[in-house]
Amino acid sequence: MDLRLYNTLTKEKQPLRPLDPSRVRMYVCGPTVYDFAHIGNARPVIVFDVLFRLLRHVYGADHVAYVRNITDVDDKINARAARDFPDLPLNAAIRKVTEETEAQFHADVDALGCLRPSVEPRATEHIPEMRAIVEKLIKRRHAYVERDHVLFAVASMKTYGRLARRSLDEMLAGARIDVAPYKRDAMDFVLWKPSKPGEPSWPSPAGIAVEGRPGWHLECSAMAWKHLGEQFDIHGGGIDLVFPHHENELAQSCCAFHHDRMANVWMHNGFLQVEGEKMSKSLGNFVTIRELREGWAGYAWPGDALRFAMLGTHYRQPIDWTAKSLDEAHKTLWRWYGDLDGVAPAPVMPDEVLAMLADDLNTSGAIAVLHALHKGGRLAELRAALSFLGFGCEQRRLQRRPAAVATVEIEMTDAPIKVIVQPLSEADVAQRIAERAAARAARNFAESDRIRDELAAMGIVLKDGKDADGKPVTTWEVAR
RNA sequence: GGCCACGUGGCGGAGUGGUUACGCAGCGGUCUGCAAAACCGUUUACCCCGGUUCAAUUCCGGGCGUGGCCUCCA
């Protein structure tokens with residue numbers, strides 16, 4: 001089967017032709033571990049998880065290598081460590097921050113139904129590879145040493161700017177940056193820089209006497225090289241990484257290893273907004289995966305619903321993350337999962353779904369096929385397709401509980417008021433259903449409706465029906 | 001200021017040079033003491049202006065709008 005993917009490098013969809021079909025290789029830029037991952041971070045994780053699953057299906061589970069790095073050296077990490085653990089030595093504090101954040105990240109993306117990548121390398125475990133790349137670049141005159149920094153000389157690479165499709169002249173014309181005094185060319189970027197006292201540091205390359213640390217882009221070149229080789233098939237990440245991160249990564253790797261390509265296909269997911277606005281802490285609409293899972297827009301949302309809402313939009317389109325679309329996603333899955341109870345998955349994935357995914361990961365098209373499968377009663381196939389896409393298909397794990405503590409904004413006051421939602425025991429529910437049944441038998445519908453409304457207000461939905469003998473029977477479930 | 005992407009019915013969201021995806025909501029119906037849930041049926045579209053074409057929502061040019069990148073960023 002032909003898998004067609006949109007390539008940022010060529011701006012068109014192309015059939016994937018792996019360099020080695022017995023080992024298809026994909027690298028995706030992972031998190032910098034200093035804080036909870038937000039919903040925007042979740043997008044590439046989910047999108048490339050779907051691609052990973054598709055590649056495993058097409059080429060075989062043992063023939064796909066998926067590398068997603070963990071960036072554990074960064075100024076933001078240092079700042080967070082100093083803030084949160086002022087009593088610890090900086091390096092110990094940094095270790096605490098990165099380990100805790102990594103565990104949070106894993107818990108969150110596991111809940112989103114994402115498979116773990118084949119390898120999750122850490123930047124700090126690849127310093128020797130980074131130094132080796134720096135040495136190669138200097139030797140080939142693509143990099144130079146200045147004031148204990150090592151810089152990449154963009155003028156030494158004819159095709160610099162090819163990925164982002166902008167020339168050096170354009171970049172210089174639009175630049176609003178102060179050029180550091182150690183740069184020969186305004187667009188040159190740092191490969192290695194000296195560490196300040198107390199900061200993490202490693203022996204420097206290129207004969208630099210003082211210890212230092214890597215620039216931002218170098219780690220990905222090093223980790224991709226170590227785990228996937230000099231050239232590989234797919235490199236992914238958010239569209240905001242095209243420039244400068246991926247452009248620079250590509251420049252480093254191509255110049256260090258003398259290739260015209262680093263990855264054959266570069267894939268970028270579109271940006272995410274929240275309720276129509278750019279997500280930012282200052283706007284107060286910054287939403288983490290953890291918040292969504294524990295309480296957002298009134299509910300603790302199950303990971304499957306978050307995943308479904310995310311896949312409802314094609315990965316290259318911008319996506320507006322709203323409570324409404326999340327609610328819609330949850331409602332759809334709720335209905336399907338209810339019907340899938342006890343249904344065994346079909347042994348093979350429906351071709352229609354596969355065809356959609358093979359066309360540049362058309363997940364919204366695939367979801368339309370799922371609707372058709374559901375409507376057509378092809379439940380075994382629906383289940384197979386949902387499982388393939390990473391969904392759990394268990395309704396009891398899909399309940400969106402009202403957030404234990406809901407925050408209600410009251411006008412004219414500064415402080416939010418907290419409302420505690422009281423839990424209700426199953427015995428309480430059974431008791432009230434019995435009371436209501438008695439009221440109904442007596443045709444006291446005012447009382448029976450009152451009880452039903454009361455339970456509804458507490459998130460319990462009653463369903464009246466008849467048993468085999470035609471007697472009225474009421475069942476209940478937690479409202480979705 | 002420079003570069004780039006996008007603009008589809010009330011909302012979300014695919015896709016296509018000619019045969020009105022799909023979902024949600026709405027409306028009508030089945031069911032129900034009444035509801036809820038579920039199920040059945042159903043209305044509404046392709047930002048504006050030019051051009052190419054027998055034919056454009058789909059291709060080309062311009063405009064307007066939204067968003068992104070150029071600085072840390074998925």
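Side-chain atoms are counted along with the backbone in the values below, which use heavy atoms only and exclude waters and symmetry mates. Naming convention: chains lettered A, B, ... in sequence-line order (proteins, then strands); numbering from 1 in each chain.
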Between atom OH in A/Tyr34 and atom C1' in B/A74, what is the gap in whole Å?
-> 11 Å
Does the A/His330 side chain pair with the main chain of A/Leu398, one donor and one acceptor, at a distance under 3.5 Å?
-> yes
Pairing annotation in dot-bracket form, given for RNA chain B with Watson-Crick or G-U pairs under 3.5 Å and | for cross-strand partners | (((((((..(((.....[...))).(((((.......)))))....(((((..]....))))))))))))....
Interatomic distance, A/Phe243 CZ vs B/C69 C1' [rounded to whole Å] | 9 Å
Would you give me the side-chain donor-acceptor pairs under 3.5 Å for residues 76-84 of chain A, sequence neighbours excluded?
| unit_1 | atom_1 | unit_2 | atom_2 | d |
| --- | --- | --- | --- | --- |
| A/Arg80 | NH2 | A/Asp35 | OD2 | 3.2 |

Whole Å only: how far is the CH2 atom of A/Trp266 from the C1' atom of B/A74?
-> 15 Å
Restricting to nitrogen or oxygen on both sides, can you table the protein-nucleotides 13-16 of chain B pairs closer than 3.5 Å?
| unit_1 | atom_1 | unit_2 | atom_2 | d |
| --- | --- | --- | --- | --- |
| B/A14 | OP1 | A/His314 | N | 2.7 |
| B/A14 | O5' | A/Ser364 | OG | 3.2 |
| B/A14 | O3' | A/Asn362 | ND2 | 3.4 |
| B/A14 | O2' | A/Asn362 | ND2 | 3.4 |

Do A/Trp336 and A/Phe308 pass the ring pair (Phe, Tyr, Trp, His ring centres under 6.0 Å) test, and can you show the C-alpha distance, the side-chain angles, and the key distance before you say yes or no?
-> CA-CA 12 Å; A/Trp336 289 354; A/Phe308 195 76; 5.7 Å; yes
Those residues at least two apart in sequence (or on a different chain) that pass side-chain hydrogen bond (donor to acceptor under 3.5 Å, both in side chains) with A/Glu394 are A/Arg396
For A/Ile239 and B/C69, what is the distance between atoms CD1 and P respectively, to the nearest whole Å?
-> 10 Å
Whole-Å distance, A/Asn248 CG to B/C70 P, equals 11 Å
Could you check A/Lys76 against A/Ala368 and say which one's nearest nucleotide on RNA chain B is further toward the 5' end?
-> A/Ala368
For A/Phe48, which residues count as a ring-ring contact (aromatic ring centres under 6.0 Å, His included) partner, sequence neighbours excluded?
-> none
How would you list all residue pairs meeting salt bridge (charged side-chain N to carboxylate O under 4.0 Å, His left out) that involve residues 297-309 of chain A, not counting sequence neighbours?
-> A/Asp49-A/Arg307
Rounded distance in Å between the P positions of B/A14 and B/U30 | 37 Å
Ring centre gap for A/His268 and A/His235 strictly below 6.0 Å | no
In whole angstrom, give the distance that lies between atom CD of A/Glu328 and atom P of B/C22.
-> 15 Å
Mind calculating the distance between CZ (A/Arg166) and P (B/A5) to the nearest angstrom?
-> 12 Å
With sequence neighbours excluded, what pairs up with A/Ser448 under the side-chain hydrogen bond (donor to acceptor under 3.5 Å, both in side chains) test?
-> none
Report yes if at least one side-chain N or O of A/Lys375 is closer than 4.0 Å to OP1 or OP2 of B/C40; otherwise report no.
-> no
Could you walk me through whether A/Asp360 and A/Arg316 pass the salt bridge (Lys or Arg N to Asp or Glu O under 4.0 Å) check?
-> CA-CA 9 Å; A/Asp360 195 32; A/Arg316 281 192 282 119; 2.7 Å; yes
Rounded distance (Å) that lies between atom C1' of B/C22 and atom CZ of A/Phe308 = 11 Å
Check: A/His246 ring centre within less than 6.0 Å of A/Trp266 ring centre = yes
Mark up nucleotides 28-37 of chain B, 5' to 3', with B wherever a protein heavy atom is under 4.0 angstrom from a base atom, S wherever such an atom reaches only the sugar-phosphate, and - elsewhere.
-> ----SBBBB-
Using modelled atom types only, decide if a donor and an acceptor are shared between the side chain of A/Thr474 and the backbone of A/Lys463 within a distance under 3.5 Å.
-> no
RNA chain B contacts made by residues 377-392 of chain A, counting heavy atoms under 4.0 Å | none
Residues from residues 271-278 of chain A lying under 4.0 Å of RNA chain B - heavy atoms | A/Phe271, A/Leu272, A/Gln273, A/Lys278
Do any N or O atoms of the protein come closer than 3.5 Å to N or O atoms of nucleotides 43-47 of chain B, and which pairs are they?
none

Say whether A/Tyr27 and A/Asn69, considering side chains only, have a donor N or O and an acceptor N or O under 3.5 Å apart.
-> yes
Residues passing the side-chain hydrogen bond (donor to acceptor under 3.5 Å, both in side chains) test with A/Arg68, sequence neighbours excluded, are A/Glu120
Output yes when a side-chain donor or acceptor of A/Asp72 lies under 3.5 Å from a complementary backbone atom of A/Arg122, and no otherwise.
-> no
For B/G17 versus B/U57, give the span between their P atoms, rounded off to a whole number of Å.
-> 13 Å
Sticking with atom P, work out how far B/G63 lies from B/A45, rounded to a whole angstrom.
-> 29 Å
Please check if the side chain of A/Ser325 supplies one atom and the backbone of A/Thr322 the other of a donor-acceptor pair under 3.5 Å.
-> yes
Just call it for A/Gly237: base, sugar-phosphate, or nothing, with non-hydrogen atoms closer than 4.0 Å on any strand.
-> sugar-phosphate
